[in-house]
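As structure tokens, the structure follows; a few thoughts come after it.
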Amino acid sequence: MKEPTAVDPALAREVQRQLAILMRGVVDCVAADDLARRLAAALAAGRPLRVKLGFDPTSSDLHVGHAVVLRKLRQFQDLGHHAIFIVGGATAMLGDPSGKDKTRPTLTREQVERNAQSYLEQAFKVVRREERYADGRAGEIEVRNNADWFLELRFADFIRLCSKMTVARMIERDNFTKRMKEGAPIGIHEFVYPLLQGQDSVEVKADVELGGTDQLFNLLVGRDLQADAGQPPQICMTMKVLPGLDGVQKMSKSLGNYVGLTFPPDEVFGKVMSVPDALIPLWVELLTDRFVAEQGEASLAAALASNPRETKAGVAESITAWLHGEQAAGEARMRFDRVFKEKDVSHDAPERVLPRAEVPEGKLWIVDLLCRLEFAASRSEARRLVQGNGVKLNGVVAADDKLEVDLREPVLLQAGKRRFAWVSVR
RNA sequence: GGGGAGAUACCCAAGCGGUCAAAGGGGACGGACUGUAAAUCCGUUGCCACUGGCUUCGCAGGUUCGAAUCCUGCUCUCCCCA
């Protein structure tokens with residue numbers, strides 16, 4: 001179908017401008033030409049698009065992997081569109097099978113509610129509460145909890161919802177196919193999940209839904225359900241999934257390969273520095289606004305080739321900056337250089353004080369000390385750490401696991417490269 | 001409903017009466033080399049004491065001088081047939 005009317009050139013330019021911004025980092029956009037059309041229609045009518053993004057509060061932390069789609073949502077807001085943030089209060093109890101080769105544990109209602117609160121606070125580090133639309137009207141982000149409609153759902157309605165999907169379509173999904181091949185179990189409840197997520201789109205009348213590439217199936221179900229309900233089917237935009245610090249697996253809290261949105265500046269900076277080089281272009285694309293233009297990509301490649309370390313530090317600094325501000329980011333970078341480049345830990349080691357009562361003669365066994373500071377999880381581990389030359393006292397390797405550490409003066413204790421503290425007794 | 005296979009440490013996986021705290025790989029951690037990158041090499045990888053004890057091989061019992069290994073029951077999973 002062709003555009004039915006002659007298009008205002010200014011409007012067409014604005015649509016192109018918005019599309020250019022919105023398509024960055026996007027893998028699939030179903031149906032892309034429909035997006036252009038809807039943008040034009042919305043702009044012409046001075047009404048914002050309704051853009052939906054949902055998260056299940058399955059743990060209490062969001063990380064920069066979540067931030068990829070949150071940033072996309074923010075871009076929509078910045079362009080004058082309306083964000084709808086769905087807290088998956090009901091769906092979290094189910095567990096999304098997407099991208100999982102295992103059944104997720106189901107959560108209780110209490111756990112979910114506890115998580116949802118901190119989730120929102122963290123999300124607002126990236127998206128904004130206040131919105132301003134193309135026609136100048138002010139508004140604010142719409143936060144909805146799908147527990148509000150699902151926990152009340154009548155059984156008959158639930159069955160009706162289930163009837164809208166077939167088993168054949170369900171098991172087309174590669175992660176289900178894979179699990180079947182491996183003989184791994186698949187719970188019936190996992191089949192229900194995409195239907196619920198799709199129903200959310202019907203409830204909020206979404207124009208666009210965002211998600212990771214692993215979400216495409218769920219997003220598409222939303223289109224079907226909307227069409228079934230007589231709504232125009234939403235545009236589904238999927239973003240590249242951010243690999244975690246290990247460079248292989250998707251970033252996730254349970255794998256421990258993540259950078260949390262609540263991490264302190266030093267930790268954000270440090271974690272980003274430990275990202276494998278090969279991933280840097282992807283991190284730049286998904287998490288920064290640097291090197292946007294096409295020649296920018298060339299200059300990124302050049303920068304990486306000539307000085308990978310400094311380039312990475314720049315990326316680390318800008319990610320730290322949007323979570324903690326420019327100043328904190330600059331300081332984190334400085335401390336990082338001092339600790340890891342100049343290997344001088346003494347300025348930046350935090351102070352750890354032990355109560356005098358626990359250190360009777362001003363001395364403490366080195367193994368106990370490491371456990372006390374939680375530098376080691378058990379005495380055996382502490383002992384191994386010492387025996388493996390992993391512990392330094394005042395900059396000198398301490399390889400004797402029987403050593404009694406004299407704590408009458410403050411001591412600079414280091415375990416491995418990253419754990420260190422000034423230890424004193426008071 | 002019938003028949004078959006299986007459950008081993010963070011994960012995969014060997015072991016099928018003693019020499020098993022349990023091979024091998026992955027991961028993780030520490031060390032060397034570095035840029036808290038990659039690659040490589042070395043070491044460690046149940047807990048507590050220190051060359052001894054305790055707990056661990058789905059869960060509960062039993063046989064045995066002795067079990068991850070044999071028997072019984074239970075729980076869970078997968079496959080084939082209906």
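Each chain gets a letter, A, B and so on, in the order its sequence line appears, and its residues count up from 1. Note that the coordinates shown come from a computational prediction; the quantities given were computed from them, not determined experimentally.
- Considering only the side chain of A:Gln387, B:C50 comes nearest among B:A38, B:C48, B:C50.
- The backbone N or O of A:Leu219 lies less than 3.5 Å from a partner atom in the side chain of A:Gln234, making a donor-acceptor pair.
- Of the nucleotides present, B:C54 is the one that pairs with B:G46 by Watson-Crick or G-U wobble criteria, both distances under 3.5 Å.
- Listed nucleotides B:C50, B:G35, B:G30 differ in distance to A:Leu385; the shortest reach to its side chain belongs to B:G30.
- Residue A:Asn257 is tested with A:Met251, A:Lys250, A:His63 for a side chain to side chain contact (heavy atoms under 4.5 Å, CB included); the sole match is A:Met251.
- With rounding to whole Å, A:Asp401 atom CG is found 17 Å from B:G31 atom P.
- Proximity note for A:Arg309 (side chain, C-beta onward) versus B:C47, B:C50, B:G35: the nearest is B:G35.
- Across all strands shown, B:A13 remains unpaired; no Watson-Crick or G-U wobble contact has both distances below 3.5 Å.
- When the side-chain nitrogen and oxygen atoms of A:Ser378 are compared with OP1 and OP2 of B:C48, one or more of them lie within a distance under 4.0 Å.
- Using a 4.0 Å heavy-atom cutoff across all strands shown, A:Gly270 reaches at least one base atom of the nucleic acid.
- A glycosidic torsion no more than 90° from 0 defines the syn conformation, and B:U51 adopts it.
- Out of B:G35, B:G31, B:C50, the shortest distance to the side chain of A:Asp277 is found at B:G35.
- Nearest to the side chain of A:Lys402, among B:C50, B:G35, B:G30, sits B:C50.
- At distances below 3.5 Å, not a single donor-acceptor pair connects side-chain atoms of A:Gln122 with backbone N or O atoms of A:Leu261.
- The partner of B:G6 is B:C76, judged by Watson-Crick or G-U wobble contacts that both fall below 3.5 Å.
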| query | Yes or no on side-chain contact (heavy atoms from CB on, under 4.5 Å) for A:Val272 and A:Glu317, after CA distance, side-chain angles and deciding distance? | reply | CA-CA 9 Å; A:Val272 177; A:Glu317 191 173 346; over 6 Å; no
Next on the checklist: Could you walk me through whether A:Lys341 and A:Arg309 satisfy the side-chain contact (heavy atoms from CB on, under 4.5 Å) test, starting with their C-alpha distance in whole Å, then the side-chain angles of each, then the deciding distance to 0.1 Å, before giving a yes or no?
Outcome noted: CA-CA 11 Å; A:Lys341 233 171 140 181; A:Arg309 193 202 171 271; 3.9 Å; yes
Mind listing the N/O atom pairs, protein and nucleotides 76-82 of chain B, below 3.5 Å?
{"unit_1": "B:C78", "atom_1": "O4'", "unit_2": "A:Gly183", "atom_2": "O", "d": "3.4"}

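- In a base pair of the Watson-Crick type (N1 to N3 plus N6-O4 or O6-N4) or a G-U wobble (N1-O2 and O6-N3), with each distance short of 3.5 Å, B:A68 is matched with no nucleotide.
- With a cut-off of 3.5 Å on both pairing distances, the Watson-Crick or G-U wobble partner of B:G1 is B:C81.
- A:Lys312 comes within contact range of at least one nucleobase, with a heavy-atom separation under 4.0 Å.
- The phosphate of B:C50 (OP1 or OP2) has no side-chain N or O of A:Arg384 nearer than 4.0 angstrom.
- No hydrogens or angles were tested; on distance alone, nothing pairs the side chain of A:Asn389 with the base of B:C42 as donor and acceptor under 3.5 Å.
- Comparing B:A37, B:G30, B:C48 against the side chain of A:Arg419 picks out B:G30 as the nearest.
- At a threshold of 4.0 angstrom between heavy atoms, the contacts of A:Pro276 are confined to the sugar-phosphate backbone, with no base atom among them.
- Within the 3.5 Å criterion, the main-chain N or O of A:Pro355 finds no donor-acceptor partner in the side chain of A:Glu358.
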